[in-house]
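Notes to accompany the following structure.
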Protein chains: 2
Amino acid sequence: MTKATERPTRQPSMADVARTAGVSAQTVSRALRDSPNVNPETRKRVLAAVERLGYRFNNAARVLSSGRSHTIGLVLLQSGGYYSRSAVTAGVEAAAGEAGYAVSIATIARLDTGLMERSLSKLADQGVDGIVIAVPLISVTQKMEDITRDIPTVTLDGSRTASARVLGIDQKEAGRLATQHLLDLGHRQVWHVAGPDEWIEARQRRQGWQECLAAAGIPAPPPLEGDWSPDSGYRQGQVLAMIPDVTAVFAASDEMAFGVIRALRERGRSVPDDVSIVSVDDIELAAYCSPPLTTVRQDFYRSGEAAVALLLREDGAESEESLVTATLSVRASTGPPRAS
Amino acid sequence: MTKATERPTRQPSMADVARTAGVSAQTVSRALRDSPNVNPETRKRVLAAVERLGYRFNNAARVLSSGRSHTIGLVLLQSGGYYSRSAVTAGVEAAAGEAGYAVSIATIARLDTGLMERSLSKLADQGVDGIVIAVPLISVTQKMEDITRDIPTVTLDGSRTASARVLGIDQKEAGRLATQHLLDLGHRQVWHVAGPDEWIEARQRRQGWQECLAAAGIPAPPPLEGDWSPDSGYRQGQVLAMIPDVTAVFAASDEMAFGVIRALRERGRSVPDDVSIVSVDDIELAAYCSPPLTTVRQDFYRSGEAAVALLLREDGAESEESLVTATLSVRASTGPPRAS
DNA sequence: AGACCCTATGTTATCGATGCCATATGTAAC
DNA sequence: GTTACATATGGCATCGATAACATAGGGTCT
């Protein structure tokens, strides 16, 4: 077997195909692509030769001469939200593939500008034609700007930079939806277990919650902060369990909600009888745990697709449409407050 | 802003750097890589020039001349097991990055040889130096063999092909561990909700279960088959709920276990009091649902790393060590059978 | 002192596809 | 019957880095 580290044996080149088909390399090149100016007869001969030799075009050469790699880079965060990451990846890959682009990934272990810079450099070195950043940028450094100025970039739910376009999911709306649902059920107060404040998503969901409460004339209680993990939800749930009059909680992610529920139950608070919980994500498991979670669904797959579409769009429209809408799935984890 | 579809403005090339540093392009090339035969003084001048011009090497040109792309392809399945997919991806990317390789992904929507062939072709076209197939291959076609013969390939938990190496996670052991745990608790029979039979994982876990029962002299009941989703677990759980003497269930994945538990509970069977459940994966949520799941943990991240290591290893060792071991996390979803 | 080698560097050919320009037909227009 | 223009094809330079070979200077060995 060939080793990945050794130079592979020579593959047939376009010149070989040309020779076999009795035409010039240039004609082969044209026959294999769009070019309308190729005799169907000739094209057939070329294709036959390609087939016979097992010819496969050399991407590097194509990139070198055309100047475009037909590859887009995707930056992901390694931790936090397995579900959304997978879904975004799948969406990006599907849309990119559709348009004839390959996807090269770069994951960063945690939110850190240094790691982010390195990832972007890596992608830039690879010569990607565009970059989708599926990481909530906190701060943007000069170096990052340098790269995104040269390479078209779309940030998925990140902060706006001078040179990157931002595709927003309407996170504020998600927070509002969740909170309003609880108020509509008759709850007088809604507590919030937020995501880490460096995450734009987390901040926006918190804002939606705050604004919704404000609109109802309710002073917001201090938000508790988790890190998206079930474990952090569990810890904040223990805190909530010690506060007597908590009847409704909005958790910024399903995974944290699982932890919150567990903590509340261990302390004898039933969900939804004593406390209602609503969260965001609608991961597959949300409907199958007990109680099934009421949660705000967001279509990450679609947002991945949309990011690529925005990236490849000819017109440089700076539009920041919230292409992806949030919808509420009402399940058993929420109910009216216990009559008191 | 530049568009992804237009030819980017020219970046400084090695020749530019050479000119600025007052040396030849070749010396620049040497200075930027290993080469011991470069005067430290010269190297310093070169690096200064690189810095000043913001030079970044052109990957395509490098690939074209060296014949190696320093990219490995990763084939993933879009559906099924968000968690394991993410973890494998992260592991592969980390190990590849460590070795100076980039990762290009290709996802297939479902287990289908046609789609598989297309993905492999896509990666081959990109000129990847190696391929990690994180998809449980069912059957291997001639076309697939053609590609894996030219490009080093490692299959993660897939079937053996003539030309690809296989890295096995010991799935049979996982099934055995789970089943034995239930028998040790005193259960006389263990039912199984299996994954789809096309998946090697599923088949091996089922085998582990069967063999373990056989060793205990217990005739295995017919396995029920799901598709990894919580929903399929739910449906099979409904079936199990109708069978009176079920006291122990081994589900092939955590997600299906969630569904099974839900179905049993809806039908008045308590977990673990009436029925014990054990599964495989140990996803993060397993510990935070109620009841917390007893499950067999497998380190997908590590297996991703190991796959890359195997791929890049110089010696063509055909070893099929089960580098990744399974361990049991005992939680509240299992207990001794109700005294009857 | 001549043969030899090691270091540091330059020169040139090469990887494979594409862009641009040239050329050879055919064919419609005036 | 030229001019004009579209169609089909070939030739050649080019992208940017690297491999292979060449060379110049200095040291070492016998």
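Below, chains carry the letters A, B, ... as their sequence lines are ordered, and counting in each starts from 1. This structure is a prediction, so every number in the text was calculated from the model and none was measured.
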Could you list the protein-to-nucleotides 20-28 of chain C atom pairs, N/O on both sides, closer than 3.5 Å?
none

Just by modelled atom types, is the [Y] backbone N or O under 3.5 Å from a matching donor or acceptor in the [X] side chain?
| X | Y | result |
| --- | --- | --- |
| B:Thr42 | B:Val38 | no |
| A:Thr153 | A:Ile151 | yes |
| B:Ser121 | B:Glu117 | yes |

To the nearest Å, give me how far apart [atom1] ([X]) and [atom2] ([N]) are.
| X | N | atom1 | atom2 | value |
| --- | --- | --- | --- | --- |
| B:Leu64 | C:dT14 | CG | C1' | 9 Å |
| A:Arg19 | D:dG11 | CZ | P | 13 Å |
| B:Asn58 | D:dG16 | CG | P | 7 Å |

Checking all strands, does [X] fall into the base, sugar-phosphate, or nothing category for heavy-atom contacts under 4.0 angstrom?
| X | result |
| --- | --- |
| A:Val28 | nothing |
| A:Val23 | sugar-phosphate |
| B:Ser24 | base |

Is there a side-chain contact between [X] and the phosphate of [N], meaning an N or O under 4.0 Å from OP1 or OP2?
| X | N | value |
| --- | --- | --- |
| B:Thr27 | C:dG10 | yes |
| B:Ser66 | C:dC15 | no |
| B:Ser65 | C:dT14 | no |

field: Pair A:Gln126, A:Thr71: side-chain N/O donor-acceptor within cut-off below 3.5 Å
entry: no
statement: Of all heavy-atom pairs linking A:His70 and A:Asp129, the shortest is N-OD2, 2.7 Å
Nearest atoms (heavy-atom pairs only) where B:Val103 meets B:Ala96: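 The pair with the smallest heavy-atom distance is CG2-CB, 3.6 Å.
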Among [options], the one nearest [X] by side-chain distance:
| X | options | result |
| --- | --- | --- |
| A:Asn39 | C:dT9, D:dT9, C:dG16 | D:dT9 |
| B:Ser13 | D:dA17, C:dA17, C:dT9 | D:dA17 |
| A:Tyr55 | D:dC15, C:dA17, D:dT18 | C:dA17 |

task: For B:Arg19 and B:Asp16, run salt bridge (charged side-chain N to carboxylate O under 4.0 Å, His left out): C-alpha distance rounded to whole Å, both residues' side-chain angles, the deciding distance at 0.1 Å, then the answer.
output: CA-CA 5 Å; B:Arg19 209 168 308 118; B:Asp16 299 324; 3.3 Å; yes
- request: Could you check B:Ala25 against B:Ala61 and say which one's nearest nucleotide on DNA chain C is further toward the 5' end?
  value: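 Checking each residue's closest nucleotide, the 5'-ward one belongs to B:Ala25.
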